[in-house]
Amino acid sequence: MRIGMTDQEADFIAAIQPGDALTQLHPNHEKAMRVQGIGFAIPVLIAAAVADWFAPIFPGAIFLVVLGIAMILILRLPHRRFAARGFAMSDDRLRVVRGLLFRSDTVVPFGRVQHIDVDRGPLERYYDLSTLTLHTAGSHNASVHLPGLNHDDALAMRETIRAHIKRESL
Amino acid sequence: MEGIAGETAIEEGEPRRTDPLSFIVKAAVLLPQLALPTGFAYFSVTRDMEAGGIGRLSLILLLIAALIALNLGIAWLQWRRFTYRVGEADIRVESGLLSRSARSVPYERIQDVSLEQKFVARLLGLVEVRFETGAGGKDELALAYLSQEQGEALREVVRERRDEADGVATDAADTAEEATINTQEQARPLFAMGPGRLFTFGLFEFSLALVAVLAAAAQQLDFLLPFDLWDPDFWMQTFAGPGERIAGAGPVMQFVGVMLIAGTLVIAGMVTGLVRTFLRDWDFRLDRTAKGFRRRRGLFTRTDVVMPAHRVQALRFTTGIMRRRFGWQGLKFISLAQDSGAGNHVVAPFARDAELLPIAHAAGFTPPPGDTAWKRASRAYRIITAIAEAGALIALGVAIEIALFVFEIDLFDGQEWAALIPVAIGVAAGIWQWFLWRYERHALGTTQIYVRTGWLAPALDIGRRVKLQSVEIAQGPFARRFGFATLHLGLAGGKLAVPGIPVDRAREWRAAILDSIATSDFSELV
């Protein structure tokens with residue numbers, strides 16, 4: 001693990017800083033969500049197939065409907081969710097936007113960050129992704145999660161935020 | 001372990017593991033958990049021993065051993081993969097086998113380091129080091145376990161680093177403050193309630209819920225009573241004396257009887273309210289000491305709570321439907337959660353405006369000035385809420401009525417109008433939204449934010465803009481279609497939100513609040 005920032009990371013930080021424009025998450029995040037969707041769909045499909053087998057209606061009625069819904073959820077939803085997500089990091093705050101139906105647009109000032117997590121599950125590790133979590137003292141938004149970052153970018157963002165905390169209080 | 005040769009010297013930058021012995025402690029916790037399934041497996045096998053014989057038993061024992069070994073193996077790997085590092089600016093912990101997680105806690109945010117010893121750990125001379133931050137509770141960092149010396153050394157290092165970072169020498173100031181406490185202690189309290197005030201307060205604490213419960217219980221359980229509770233004759237005899245029954249005055253008697261029962265219930269409710277209030281708030285006293293606000297109250301269990309003044313995050317003025325008419329209000333502090341459990345402290349439960357003002361000032365808050373630009377929630381938000389609440393209930397009532405009519409079911413014992421009760425509640429809910437639209441207000445002052453909620457018993461929240469932790473604009477599908485939002489403000493120890501705010505105003509407020517927040521760091525607030 002490295003502490004110093006490479007040029008590439010510095011470029012990344014510089015790129016996401018100015019203005020209000022949202023930065024998209026890493027494209028791998030969409031793939032990871034799709035894999036997650038498949039993992040969720042398989043047991044449901046198996047259950048549907050079993051139900052189909054025993055149900056007294058013409059074969060395939062249940063399974064095909066469930067399969068159709070699953071296909072939409074796997075093919076369409078991850079992309080739309082991915083497109084709905086984004087973040088913006090400025091000098092002293094991080095903005096996290098997410099949600100398709102229920103939109104949420106959260107801003108956490110670095111001066112209010114208590115501690116910072118960088119977490120990655122097996123799937124995220126495979127896709128070289130990380131989830132950056134900022135913990136605040138507030139009861140609402142006690143932890144603000146930003147998933148789908150490239151791992152190195154997440155580490156660079158953590159360093160930037162931590163450095164800001166230090167600078168701020170000196 | 002080689003890496004931790006110099007026990008007391010905590011070196012910078014290099015990742016370290018927790019004490020190897022901590023693996024034993026974890027195993028000691030783990031094994032009893034395995035005992036139950038193991039025992040279960042064992043008995044289920046021995047029960048049909050005859051069938052399998054000794055070979056099968058040994059196979060099972062082998063399986064159990066494998067299970068234990070697997071669990072211990074995972075625990076060992078987890079121990080191997082858990083490292084912490086005392087860095088230049090923060091403490092870092094990395095952990096996890098398949099899922100990796102890395103946490104960074106800056107020294108500036110560490111409020112205290114505590115060492116904890118549970119039984120097994122204590123036998124082995126180990127401590128659990130906990131780092132307290134503003135985040136509180138489950139999200140805090142803990143190192144389990146380090147050797148005692150190492151834990152203490154780490155605590156020293158962290159405290160030094162933190163004080164360096166803060167740049168404050170706190171000890172001298174603390175003792176000076178302590179001296180002032182003692183002199184101030186004798187002074188007049190900021191707020192106090194005598195028995196007279198408590199009595200009035202108790203009357204308003206009339207427990208309607210209790211009355212309802214008693215009435216319901218009396219109806220259900222009257223067979224237990226040695227007399228007929230609902231028989232007016234009994235009450236007349238009891239109160240007027242035997243032999244004085246007035247014959248032929250049936251309806252009047254019944255009315256009197258009902259009034260007597262109602263009176264009994266009301267008195268029971270009042271007495272309960274009084275007793276509860278006296279027990280809880282006897283000799284209520286709030287002092288402003290140098291350490292903060294000190295509240296003492298209680299008759300049998302007397303509590304003594306000190307709330308540091310700088311930890312007060314927001315104020316909440318509350319009132320009741322009746323007490324409001326007589327000019328009574330209560331005041332609560334919303335304070336950082338880790339102070340004595342609840343983040344919500346009553347500092348004056350029952351007081352006049354003039355008494356609350358000095359308390360608010362002492363905590364650094366001011367009530368909304370006369371020229372405050374109060375705003376209402378968006379009309380669309382109210383209309384949609386009314387439609388959603390009222391619509392659902394009205395539809396339900398109508399559907400039931402139609403179903404009863406069509407299928408000719410006699411569900412309500414001939415009283416079909418009962419199905420219209422949801423309709424009535426629905427209509428009431430819709431009208432309620434109209435009143436809320438009229439009475440609920442919010443405003444953004446130069447340093448404070450004001451949120452007024454409720455209609456009959458309105459509450460007013462006052463938050464300091466700099467003391468907020470985060471700002472979120474949340475919108476559901478309707479909110480986006482009709483241009484309103486809920487503004488969630490991160491408040492330590494409580495919640496503060498403005499529902500139904502027009503989205504443009506929400507953005508404006510967020511920008512203004514974030515600018516206020518950016519002027520200071522958390523460490524300056526706590």
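Only heavy atoms go into these numbers, but all of them, side chains included; no hydrogens, no water, no symmetry mates. Naming convention: chains lettered A, B, ... in sequence-line order (proteins, then strands); numbering from 1 in each chain. Not measured: the values here are computed from a predicted model.
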Undergrad: Taking A:Arg112 for its side chain and B:Leu468 for its backbone only, find out whether a donor-acceptor pair lies under 3.5 Å.
TA: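 At least one qualifying donor-acceptor pair exists.
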Undergrad: Measuring from B:Ser470:OG to A:Leu94:CG, what's the distance to the nearest 0.5 Å?
TA: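 Output value for this atom pair is 11.5 Å.
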Undergrad: Determine whether A:Glu159 and B:Arg92 satisfy the following criterion, salt bridge (charged side-chain N to carboxylate O under 4.0 Å, His left out), listing intermediate values before the conclusion.
TA: CA-CA 12 Å; A:Glu159 295 314 316; B:Arg92 291 191 175 187; 2.8 Å; yes
Undergrad: With a 4.5 angstrom heavy-atom cut-off, is it the side chain or the backbone of B:Leu491 that approaches chain A, or both, or neither?
TA: backbone
Undergrad: Under 4.5 Å heavy-atom distance to chain B, tell me which part of A:Val113 shows up: side chain, backbone, both or neither.
TA: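 Contact with chain B: backbone only.
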Undergrad: Drop me the distance from B:Thr519's OG1 to A:Asp92's CG, to the nearest 0.5 angstrom.
TA: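 Spacing of OG1 (B:Thr519) from CG (A:Asp92) equals 10.5 Å.
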Undergrad: Identify the two heavy atoms, one from B:Glu472 and one from A:Asn141, that lie closest to each other, and give their separation to 0.1 Å.
TA: OE1-ND2, 3.0 Å
Undergrad: Just how far is it from atom CG of B:Asp90 to atom CZ of A:Arg158, taken to the nearest 0.5 Å?
TA: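 Reported to 0.5 Å precision, the distance equals 7.5 Å.
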Undergrad: Using a heavy-atom cutoff of under 4.5 Å, enumerate the residues of residues 475-486 of chain B that contact chain A, numbered in order, or state 'none'.
TA: B:Gln475, B:Gly476, B:Pro477, B:Arg480
Undergrad: Which atoms form the tightest heavy-atom contact between B:Pro106 and A:Ile165, and what is the distance?
TA: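 So the minimum-distance heavy-atom pair works out to CG-CD1, 3.8 Å.
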Undergrad: What is the minimum heavy-atom distance between B:Leu489 and A:His140, and which atoms define it?
TA: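 Scanning both residues, the minimum pair turns out to be O-CB, 4.4 Å.
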Undergrad: I need the residue from A:Leu101, A:Thr136, A:Leu134 with the largest number of non-hydrogen atom pairs under 4.5 Å to chain B.
TA: A:Leu101
Undergrad: Measure distances from B:Leu97 to the heavy atoms of chain A and classify the residue's part below 4.5 Å as side chain, backbone, both or neither.
TA: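 The answer is the backbone of B:Leu97.
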Undergrad: So B:Arg510 and A:Asp105, do their side chains get closer than 4.5 Å, heavy atoms only?
TA: yes
Undergrad: Contact part of A:Arg125 toward chain B, heavy-atom cut-off under 4.5 Å: side chain, backbone, both or neither?
TA: side chain
Undergrad: Taking the side chain as everything from C-beta on, heavy atoms only, tell me whether B:Arg109 gets closer than 4.5 Å to A:His115.
TA: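 Side chain of B:Arg109 against side chain of A:His115, heavy atoms only: no contact under 4.5 Å found.
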Undergrad: How long is the span from the CD atom in B:Gln469 to the OG atom in A:Ser139, to the nearest 0.5 Å?
TA: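 The distance works out to 9.0 Å.
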Undergrad: Output the distance between atom CG (B:Leu98) and atom CZ (A:Arg120), rounded to the nearest 0.5 Å.
TA: 12.5 Å
Undergrad: Mind checking whether A:Asp119 and B:Ser99 have side chains closer than 4.5 Å, heavy atoms only?
TA: no
Undergrad: Please flag which part of A:Leu100 lies under 4.5 Å from any non-hydrogen atom of chain B: side chain, backbone, both or neither.
TA: backbone
